[in-house]
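Numbered from 1 within each chain, the chains take letters A, B, ... in sequence-line order.
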Amino acid sequence: MSRIAYLTTPLYYVNGQPHMGHAYTTVVADVLARYHRLDGDDTYLLTGTDEHGEKIFTAAAAVGLEPQAYADGIAATFVEAWKELRISNDDFLRTTEARHISVVTSVLQQVYDQGDIYFDEYEGLYCVGCERFLTDREIVNGKCPDHGTVPEKRKEGNYFFRMDKHRQWLAEHIRTTPGFIRPARYANEVLSILSESIGDLSMSRPRSRVPWGIGLPWDDDHVTYVWFDALINYVSALGYPDGELFGRYWTQARHFIGKDILKTHAIFWPTMLRAMGAPLYAGLNVGGFLMGSDGQKMSKSLGNVVNPFELSKRYSADAVRYYLAKDVPYGQDSAVSEKALVERYNADLANDLGNLASRARALLLRHLDGRLPEPVQTDADQAVIATGIGLAAHVREQVGALRLSAALEEVMQFVRQLNRYFNDEQPWVLAKNEASKPRLGTVLYNCVEGLRITSILLEPALPDKAVQLRDSLGLKGGDLASTETWGLAPAGTVIPAEAALLFPRAELEETQAGSQPAAQPVAKTEKKREKTEKSGPAAGDGQISIDDFNRVELRVAQVVACEAVPRTDKLLKLTLSLGDLGERTVVSGIAGSYAPQDLPGRRVVLVANLQPAKLRGIVSQGMILAAEDDDGNLALVHPDKELAPGARVR
RNA sequence: GGCGGCGUAGCUCAGUCGGUUAGAGCAGCGGAAUCAUAAUCCGCGUGUCGGGGGUUCGAUUCCCUCCGCCGCUACCA
């Protein structure tokens, strides 16, 4: 009676090459899938690529390719990447495949027919990067917070999916289903989003603007919004609605995602499923971001990018897999680096595990003709045996709780115990006289048997090396249950005379030395300044250079008109004249200290090259300077003489 | 500004539904051993469990507050 496990990674968007974030989520899902299979569970692992949308269309055009050809190219690099990392996916779905498109089309028609999709005109600020309109609330500093670009104003007719009506039950479901979203803090985040109106979801784009997408079956002038299309992959890959795989796996679906796509998976997707009349997935597992070696977001300019595929070629796929599973805690942001990988690899795999295999092999070959003897267990052997056969239960428990790191650590504890056992029993001393040869055989047998169990338990993380390890001892593999019996390594087994070093010790390459772990405090202040001021690097001690200052364009401006912004306490909308430079609208939070009628005619100092920002629906094109005392009283800064508006302030 | 999370040994992190001497791995120091991949094994930590206050017989664990970092959000611009 086996259990069912359906695990998915996101379908990765083909707008860029696979990177560490992709690799991490995919490796975690794969290690988990392999544990399920090892334990006899009926397991299905899905990954793939998401290939529609405006961004793909433009990216393809930029390099002179048809969208499909462009997508083909990137999709191939993902296939290659997962091959490199030994990902054991059962399927690789591309959203441009006919089997996916036909499911999306029928889902659309069904949801439309039942009245859950309607047409409406929409005007708003559109982010090309997100491929959607942003709400006022989402815009930060006049820009899309995810892409750092200024959204453009667009008006278009779109179809909308009635999503808002699903708020109540979804919130209830999240509240009453522990583990539906893990870690729990992300469930709280979703609940707080659901506590307010979520609106209906714009789920189409005019084909005239976005030719690259799945057409709406009832209106070919529109194509499906890329997320509405992509999310359906999780069921289309199973042959929804009546495929055998769908019936078998769907209700046990567990999605693995990064926190950047929480909203689509925790809100869009469940409401879509409900509208489709399909059961919800079983769980959503949210991972954090992987940061560069310095703890900051990876970026080329910081030179802290860690490429998992290069590391794989340098140190082996298993080294990368083991490092990601063992050292990177799931669900929170964490720093990854080549240095950390090498340390983990050397400590656990080379020193503890690889070396143990080496020393056992050496004595077997030298003193026992390379044959595994029949053991005669004594009291001294019981502790090792007990730990070994008890490991599977611990591993099952940890893996079930998504604690891969703890699961692997359980196994490593056992490896350390075997090393202790080896030292305590001193087989190299036993080998010195004939009388102790039987005891020598038992000790070495137990080491080999321990390594057999270890190799099976580590196999999900180390698919290649586990097999190599067993090969080097003449052993065969087995399932998880086969680790719960001691003595399955057959006496008489021939130990191969030659075997390559399993885990040669790794040295950190020189190139890596360049990324000095800059003094922590400096890095932090720099990061903070970057965030609050978006300025370039400055001299130390919070001081800025004259060049920095000159980047700020300060000008005298005259207030032409002023009115309070409706339904706000603090905001005034000012119309300012800059003389020959024209007029500006500025929103300022000074209503507590100035009445609208007091201001027209006054001269103020304006930061003229500030990024526009939208406040309460009004685009503010700058900031006026005011001083503030401890009690919050504001005093506008104004020039001492009546200079003409537009004059530069330095 | 609001809501939420985090802040535990040099580093990466566990943990404490309040209670004997707060843990692991890595790094470091000393020693043993020499079968082995300069690997292994043993021993070694006076850590204000972010600061302060409170509740309690007792708090790192609960409450309040402050500081720092992160996320979401907002009438900062």
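- Looking at A/N423, its side chain comes within 3.5 Å of the base of B/rU40 through a donor and an acceptor atom.
- Across B/rC41, B/rA14, B/rU73, the shortest atom-to-atom separation from the side chain of A/K263 is found for B/rU73.
- A side-chain donor-acceptor contact under 3.5 Å links A/T271 to the backbone of A/F268.
- When the nucleotides B/rU40, B/rC41, B/rC13 are ranked by their closest atom to the side chain of A/R416, B/rC41 comes out on top.
- A salt bridge between A/R396 and A/E410 is absent, with no side-chain N of the basic residue lying under 4.0 Å from a carboxylate O of the acidic one.
- When all heavy atoms of A/I198 and A/I193 are compared, the pair lying nearest together is CG2-O, 3.8 Å.
- Candidate nucleotides B/rC13, B/rC41, B/rU40 were compared by shortest atom distance to the side chain of A/S334, and B/rC13 ranks first.
- Taking 4.0 angstrom as the limit, A/R420 places a side-chain polar atom (N or O) nearer than this to OP1 or OP2 of B/rC42.
- Residue A/A362 places its side chain closer to B/rC35 than to any other of B/rG25, B/rU37, B/rC35.
- Closest to the side chain of A/R505, from the set B/rA36, B/rA39, B/rC26, is B/rA39.
- The side chain of A/E343 lies closest to B/rC26, out of B/rA24, B/rC26, B/rU37.
- With B/rG5, B/rU40, B/rA24 as the candidates, the nucleotide lying closest to the side chain of A/R185 is B/rG5.
- Side-chain contact check for A/F503 versus A/D348: every heavy-atom pair is 4.5 Å or farther apart.
- The partner of B/rG1 is B/rU73, by the rule that a Watson-Crick or G-U pair needs both atom distances under 3.5 Å.
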